[in-house]
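Have a look at the structure below, then the notes.
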Amino acid sequence: VDFVIDRGGKLTLVEARFSETIHNPKSLRALVKIRDFLGKRAAATHFAATRSKLSFPIHGLDSVTLVNGLETDDWFAEI
């Protein structure tokens with residue numbers, strides 16, 4: 001996890017990746033462990049910021065959305 005953003009007592013986790021996509025959801029296991037550890041303090045949605053031009057939920061990780069980390073206007077407003 002590269003960034004933790006506190007908004008109203010809820011913590012949003014952001015994993016930054018240089019790749020364009022996440023090929024294996026298991027590569028985000030640290031994010032999932034921290035999310036689970038936070039329990040009720042964790043926000044409902046977390047992000048994997050990549051070079052992807054599209055945003056979409058990561059299959060198998062319903063609370064993690066893959067987003068374009070180079071353009072934060074869209075997804076950063078959701079936090």
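Put simply, CZ on R17 and CZ on R51 are 13.0 Å apart, with the number rounded to the nearest 0.5 Å. We find the CG-CG distance between L28 and L61 to be 6.0 Å, quoted to the nearest 0.5 Å. With rounding to the nearest 0.5 angstrom, the CZ atom of F3 is 12.5 Å from the CG atom of L13. Atoms NZ and CD, on K53 and E71 in that order, are 7.5 Å from each other to the nearest 0.5 Å.
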Item to complete: Using the side chain to side chain contact (heavy atoms under 4.5 Å, CB included) rule, take T21 and H23 through it: C-alpha gap first, then chi angles, then the decisive distance, then the call.
Response: CA-CA 6 Å; T21 189; H23 295 287; 3.4 Å; yes
Worksheet item: Yes or no on side chain to side chain contact (heavy atoms under 4.5 Å, CB included) for T50 and V67, after CA distance, side-chain angles and deciding distance?
Response: CA-CA 6 Å; T50 69; V67 295; over 6 Å; no
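The two residues G8 and D6 have their closest heavy-atom pair at N-OD1, 3.9 Å. Annotation for P25 and H59: closest pair CG-O, 3.4 Å, computed over non-hydrogen atoms. Shown here for S63 and A44, the closest heavy-atom pair between the two residues is CB-O, 3.4 Å. Nearest heavy atom pair, residue W75 against residue A49, reads CZ2-CB, 4.4 Å. Between S55 and N68, the shortest heavy-atom contact is OG-N, 4.2 Å. Shortest non-hydrogen contact noted between A48 and I58 is CB-CD1, 4.0 Å.
For the pair D2 and V14, the minimum side-chain heavy-atom distance is 4.5 Å or more. A 4.5 Å side-chain heavy-atom check between L38 and R35 finds every atom pair outside the cut-off.
Linking Ile, Leu, Val, Met, Phe, Trp and Tyr whenever their side-chain heavy atoms come within less than 4.5 Å leaves L66 and L70 in two separate clusters. Under a hydrophobic-cluster definition in which Ile, Leu, Val, Met, Phe, Trp and Tyr are linked whenever side-chain heavy atoms come within less than 4.5 Å, directly or via other members, I34 and I5 are assigned to different clusters. No single ILVMFWY cluster, assembled from side-chain heavy atoms under 4.5 Å apart, contains both L31 and F18. Cluster annotation: F47 and L11 are assigned to distinct hydrophobic clusters (Ile/Leu/Val/Met/Phe/Trp/Tyr, side-chain heavy-atom contacts under 4.5 Å, transitive).
With hydrogens and angles ignored, the 3.5 Å screen pairs no side-chain donor or acceptor of E20 with any backbone N or O of S52.
Annotation for F37: atom CZ does not count as buried by contact number, only 12 or fewer foreign heavy atoms lying within 6.0 Å.
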